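Note that the structure is predicted; figures quoted are calculated from it, not measured. Chain A is the first sequence line, chain B the second, and so forth, proteins listed ahead of strands; every chain is numbered from 1.
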Amino acid sequence: MSVLVNKQSRVIVQGFTGKEGTFHASQMIEYGTNVVGGVTPGKGGMTHLDRPVFNTVSQAVREVGADTSVIFVPPPFAADAIMEAADAGIKVIICITEGIPVQDMVKVKAYLSHRGSHLIGPNCPGVITPGEAKCGIMPGFIHRPGHIGIVSRSGTLTYEAVDQVTKTGMGQSTCIGIGGDPIVGTTTREAVELLMNDPDTHGIIMIGEIGGSMEAEAARWIKAHGTKPVVGFIAGQTAPKGRKMGHAGAIVGGKDDTAEAKMKIMTECGIHVVKSPAHIGKTMYEVMQQSGALV
Amino acid sequence: MNLHEYQGKEVLKQYGVAVQEGIVATTVEKAVEAWHKIREQTGTEYVVVKAQIHAGGRGKGGGVKLAKNLQELKEAAASILGMYLRTPQTPGGLEGPGKLVRKILIAEDAYRPDFDACKEYYISVLTDREKQRNVFIYSTEGGMEIEKVAEETPELVHKEYIDPALGMQPFQARKIAFNLGLSGKAFKEMTKFVTNLYRAFLGADASLVEINPCLKTADDRIIAVDCKMVLDDNALYRHPDLEAMRDLDEEDPTEVEARKYGLNYVKLDGNVGCMVNGAGLAMATMDIIKLSGGEPANFLDVGGTADAERVAHAFEIILKDPNVKAILVNIFGGIVRCDRVANGIVEAYKKLGDKINVPIIVRLQGTNADLAKEIIDHSGLQVYSAIELQEAAALVTKVLKEQVKTS
């Protein structure tokens with residue numbers, strides 16, 4: 001078990017024949033991901049990376065049974081690509097693209113609200129279930145199959161946490177990069193909920209950052225419904241107010257979206273909050289040992 | 001990207017939003033010309049002189065002045081142009097160095113002829129991250145800080161969410177106008193005002209449009225007296241006209257230079273510089289600098305391609321800050337191989353030569369991390385290397401301690 005993606009996922013890549021799409025699709029295939037084809041409008045009928053190219057997502061769904069899509073389409077066309085995937089009935093849509101206008105995402109969220117798709121991202125590293133499916137741009141080799149689920153708004157900081165977990169001897173069930181934009185498809189709370197309901201996940205690492213209230217919302221949900229230990233970290237404890245720190249979503253506006261405020265709420269909700277990003281893996285290991293989940 | 005008040009008002013006018021009329025000026029002579037034009041238009045000699053900088057609370061620092069005649073206009077223009085304006089929102093606040101005023105707006109005194117018959121409101125439109133839709137926030141308590149109003153009298157702050165699929169509906173505009181206690185002509189004017197304001201918000205791909213105060217004049221017109229507009233950087237590609245409004249004078253010159261090289265840099269006040277790939281890891285690295293006894297001197301995301309040229313530019317930018325006493329490089333090589341980054345660092349270091357006069361700690365983790373450490377260790381350069389984040393943190397502490405000893 002795992003969440004969102006696994007060995008059975010039938011994955012297509014939107015923006016398949018572009019530079020980014022080609023590079024990462026081949027990395028995904030090399031990892032063993034079940035990539036069944038790709039979509040580039042106007043290039044349907046071609047073969048790329050030994051897989052069929054389709055003009056539309058619905059064609060890919062019809063002909064090769066695609067149920068998961070990883071999107072590498074440039075920002076001006078990415079919102080459209082997400083809606084096309086949802087319209088075609090793709091269950092898990094993972095949008096890697098960085099730089100989509102916020103108003104495009106407001107529309108996308110409204111469009112998705114009546115459809116059964118799960119959007120991860122945009123502006124994210126993707127989703128990986130180690131040993132089964134790598135749907136994104138993360139380096140596969142740092143992962144190891146196991147029972148720690150990871151939810152994060154960041155890319156390289158997620159790799160950092162993954163690497164630390166792997167080095168303790170534990171592994172990951174599924175790692176979900178939800179993305180660094182102000183409006184994302186799947187919130188921290190929704191991703192945590194998925195992992196909490198996954199029998200194969202025994203502990204959860206939740207990595208947030210300044211800006212917004214997703215971590216506080218997730219923490220309150222964990223307090224009410226949590227059944228597994230959670231370790232949390234918030235990046236940006238030293239970030240000044242009103243300055244955007246790289247990610248479009250990482251900006252301290254009011255007093256509730258500072259790292260300090262988030263860490264306080266998370267601690268109050270029973271999450272093991274670490275101050276140093278160097279202690280994420282170690283703390284998860286200790287917490288798992290204490291809970292008796294590790295033998 | 002932030003716009004000046006006068007630029008924001010230009011955008012509003014394009015969408016039919018009524019504004020306090022004004023003309024921007026960069027010299028006292030131009031201000032006098034503007035004054036004559038405004039007098040022709042409005043028939044009064046009264047004008048307001050407003051400093052144009054990217055910060056609110058300008059009135060508190062003496063950046064907004066009423067001039068009742070030409071002489072007063074000249075005096076006000078001369079005193080505001082070229083001043084270093086300190087407001088609660090400029091760097092360092094009222095105690096800080098302030099911001100140089102290069103432009104002033106000569107605006108009609110919209111409160112004439114009957115100040116007491118005027119009424120100020122607060123109206124803003126922004127995207128609510130939690131609800132993931134656009135929202136109007138408005139209040140009868142205009143001209144004050146909305147945060148303060150929300151804290152002290154939350155019942156006076158109203159919200160109106162807009163359906164993303166349908167857009168703003170007429171009943172919503174009416175609701176806003178009624179909740180602001182308006183009737184008759186002013187009511188009608190307000191429904192028009194907020195409807196067009198929303199069109200402007202969408203049309204400009206703004207992330208915030210704040211009108212504070214929004215004024216009901218003595219003759220029941222509704223106009224924007226001030227305008228704060230923030231645009232979505234991600235959407236600028238479809239608004240070249242708005243992109244052209246960018247005022248580089250308002251931005252930190254080093255940050256502007258960094259952007260040219262594809263580096264995302266934010267200057268801070270600390271003593272340890274950092275160079276990181278990825279925004280989240282960069283913030284986490286700043287945090288670990290603090291936990292190691294230092295203070296971060298900057299945020300710097302080098303992005304996905306950490307080649308020698310970029311790394312060299314990044315070093316140069318960090319070293320422009322004289323407060324930097326050490327630099328921590330933290331790269332997690334996923335797709336990008338650490339040995340290539342290590343070679344880039346060595347090359348950049350050699351290229352910059354003696355310009356680098358502070359200790360550098362390099363932490364490379366990920367693909368070929370061991371090889372990278374070897375390259376750094378055998379480069380003969382004064383560079384400390386680490387693989388684990390905790391090791392790097394310990395090295396920051398060590399380096400800072402040694403500096404205290406030697407100084």
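Among A/Gly211, A/Ala250, A/Gly140, A/Pro125, the residue with the largest count of heavy-atom pairs under 4.5 Å with chain B is A/Gly211. Annotation: maximal heavy-atom pairing with chain B below 4.5 Å, among A/Gly242, A/Ser154, A/Gly99, occurs at A/Gly99. Comparing A/Gln164, A/Lys107, A/Gln27, A/Lys167 by how many heavy-atom pairs each has under 4.5 Å with chain B, the most go to A/Lys167. Among B/Asp301, B/Ile331, B/Leu300, B/Ile288, the residue making the largest number of heavy-atom pairs under 4.5 Å with chain A is B/Ile288.
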* Asked: Can A/Gln103 and B/Thr127 be said to form a side-chain hydrogen bond (donor to acceptor under 3.5 Å, both in side chains), step by step?
  -> CA-CA 8 Å; A/Gln103 290 305 321; B/Thr127 308; 3.2 Å; yes
* Step-by-step side chain to side chain contact (heavy atoms under 4.5 Å, CB included) determination, B/Glu255 to A/Arg243 -> CA-CA 12 Å; B/Glu255 291 177 18; A/Arg243 298 301 310 268; 2.7 Å; yes
* Would you please test B/Met286 and A/Met245 for side chain to side chain contact (heavy atoms under 4.5 Å, CB included) and show each step? => CA-CA 11 Å; B/Met286 285 159 47; A/Met245 307 307 273; 3.6 Å; yes
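Using a 4.5 Å cut-off between heavy atoms, B/Asp232 contacts chain A through its side chain alone, with no backbone atom that close. Using a 4.5 Å cut-off between heavy atoms, A/Ser213 touches chain B through its side chain atoms alone. Interface remark: B/Asn234 contributes backbone and side-chain atoms alike to the contact with chain A (heavy atom separation under 4.5 Å). For B/Ile289, no part lies near chain A; criterion is any non-hydrogen pair under 4.5 Å. Looking at A/Ile100, the atoms closer than 4.5 Å to chain B (heavy atoms on both sides) all sit in the backbone: N, CA, C or O. Contacts between A/Glu209 and chain B at a heavy-atom distance below 4.5 Å involve the side chain alone, from C-beta outward.
At distances below 3.5 Å, at least one donor-acceptor pair connects side-chain atoms of A/Thr156 with backbone N or O atoms of B/Asn277. In this structure a side-chain-to-backbone donor-acceptor pair under 3.5 Å is present from B/Asp287 to A/Gly236.
With hydrogens and angles left out, the side-chain atoms of B/Glu130 and A/Thr187 include no donor and acceptor closer than 3.5 Å.
Within a 6.0 Å radius of CD in B/Gln169, other residues, nucleotides and ligands contribute more than 12 heavy atoms. Other residues, nucleotides and ligands contribute at most 12 non-hydrogen atoms within 6.0 Å of the CZ atom of A/Phe77. Other residues, nucleotides and ligands contribute more than 12 heavy atoms inside 6.0 Å of the CZ atom of B/Arg129. In B/Lys267, the NZ atom is crowded: over 12 heavy atoms of neighbouring residues, nucleotides or ligands sit closer than 6.0 Å.
Ion pairing of B/Arg238 with A/Asp104 is present here, as a side-chain N (NZ or NE/NH1/NH2) and a carboxylate O approach within less than 4.0 Å.
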